[in-house]
Amino acid sequence: MSSIHRSTGLAALAAAGLIAMASAAAAQTAPCPTNALGITSPTACSCASGGGTGAVWGTNVYTADSNVCIAAAHAGVIGAGGGQILVTPGSGYQSYPGSTQNGITTSTWGSYDRSFTVSLVSMQTPACATMPAGADVYECSCPAGPYAGSAWGSGPYTNDSSICVAALHSGVLTAAGGTVRVLSAPGLQSYRGSEWNGASTMDYGPWSGSILFDRN
């Protein structure tokens, strides 16, 4: 591989990592929608307050057309000052009993085909790109594949390889994505590419640092 192509590939990887991190940050700070009808997967969002007006049906599990932020306050996830929450959509239930909690009263409803729950946003694992300089151990998250980028070696991999590609190739990750723990290792005189687990890696010569994956 020429140095020009390799540099271009690394620039693309870096850009992809920045885009992924920016998207994650935006998802954490986006205002919550009025209700959860448009939410199809767990979504982090921000409530300006835990009050306001709007209808809510249920207790801890709410109908999908309930007001998201008022439901979060009712569940005790946020206070009057608002905050970040995680909205998780769910299937429907035959009944949604109302109650009074945390100063908020919700209504009772019968059968409704979609629901949601609310919880605190946990610490976000950074999006995987390449191994950060100077890190000995690095934990990051890969979205569902397919993955863009290049990797060199077959375990160990060069430390500028795409972590998600290398993790899929090594078998510690499936195309469904997930969190991986990356370990720094010394550089090698050569790296032999191969095709494993639906991912292809390439050969390379001497390189200053390597990565491996914690399988425990």
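The residues of the chain are indexed from 1 along the displayed sequence. Being a predicted model, the structure only gives us computed values, none of them experimental.
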Practice problem: Would you check, one step at a time, whether the test disulfide (SG to SG under 2.5 Å) holds for Cys128 with Cys142? | Solution: CA-CA 6 Å; Cys128 294; Cys142 294; 3.6 Å; no
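- Relative orientation of the His169 and Tyr157 rings is perpendicular, given thresholds of 30° and 60° on the angle between their planes.
- Identified under the salt bridge (Lys or Arg N to Asp or Glu O under 4.0 Å) test for residues 180-191, with sequence neighbours left out: Glu139-Arg181, Arg181-Asp214.
- Here the side chain of Ser46 pairs no donor or acceptor atom with the backbone of Ala30 at under 3.5 angstrom.
- Under a 3.5 Å cut-off, the side chain of Asn67 and the backbone N or O of Cys69 do form a donor-acceptor pair.
- In terms of the salt bridge (charged side-chain N to carboxylate O under 4.0 Å, His left out) criterion, Asp65 has no residue partners (sequence neighbours excluded).
- Side chain of Arg114 to backbone of Leu37: a donor-acceptor contact under 3.5 angstrom is found.
- Of all heavy-atom pairs spanning Ser154 and Thr201, the tightest one is OG-OG1, 3.9 Å.
- Residues that satisfy the side-chain contact (heavy atoms from CB on, under 4.5 Å) test with Ser115, not counting sequence neighbours, are Val61, Tyr93, Tyr96.
- Rounding to the nearest 0.5 angstrom, the gap separating the OG atom in Ser170 from the CD1 atom in Ile211 is 8.5 Å.
- Ser161 places a side-chain N or O within 3.5 Å of a backbone atom of Trp152 that can act as its donor or acceptor partner.
- Residue pairs that meet the disulfide bond (SG atoms under 2.5 Å apart) test with at least one member in residues 169-216, sequence neighbours left out, do not exist here.
- Once rounded to the nearest 0.5 Å, the distance linking OG1 of Thr117 with CG of Leu86 reads 7.5 Å.
- For Tyr62, the ring-ring contact (aromatic ring centres under 6.0 Å, His included) partners are His74, Phe116, not counting sequence neighbours.
- With respect to Val77, the side chain to side chain contact (heavy atoms under 4.5 Å, CB included) criterion is satisfied by exactly one of Val87, Asn60, Ile85: Ile85.
- In this structure a side-chain-to-backbone donor-acceptor pair under 3.5 Å is present from Thr106 to Ser99.
- Ser210 pairs by the side-chain contact (heavy atoms from CB on, under 4.5 Å) definition with Pro156, Ala185, Leu188, Tyr191, not counting sequence neighbours.
- Distance alone, capped at 3.5 Å, is enough to place a donor-acceptor pair between the Thr43 side chain and the Ser41 backbone.
- One finds the CG atom of Asn159 at 11.0 Å from the CG atom of Leu212 (value rounded to the nearest 0.5 Å).
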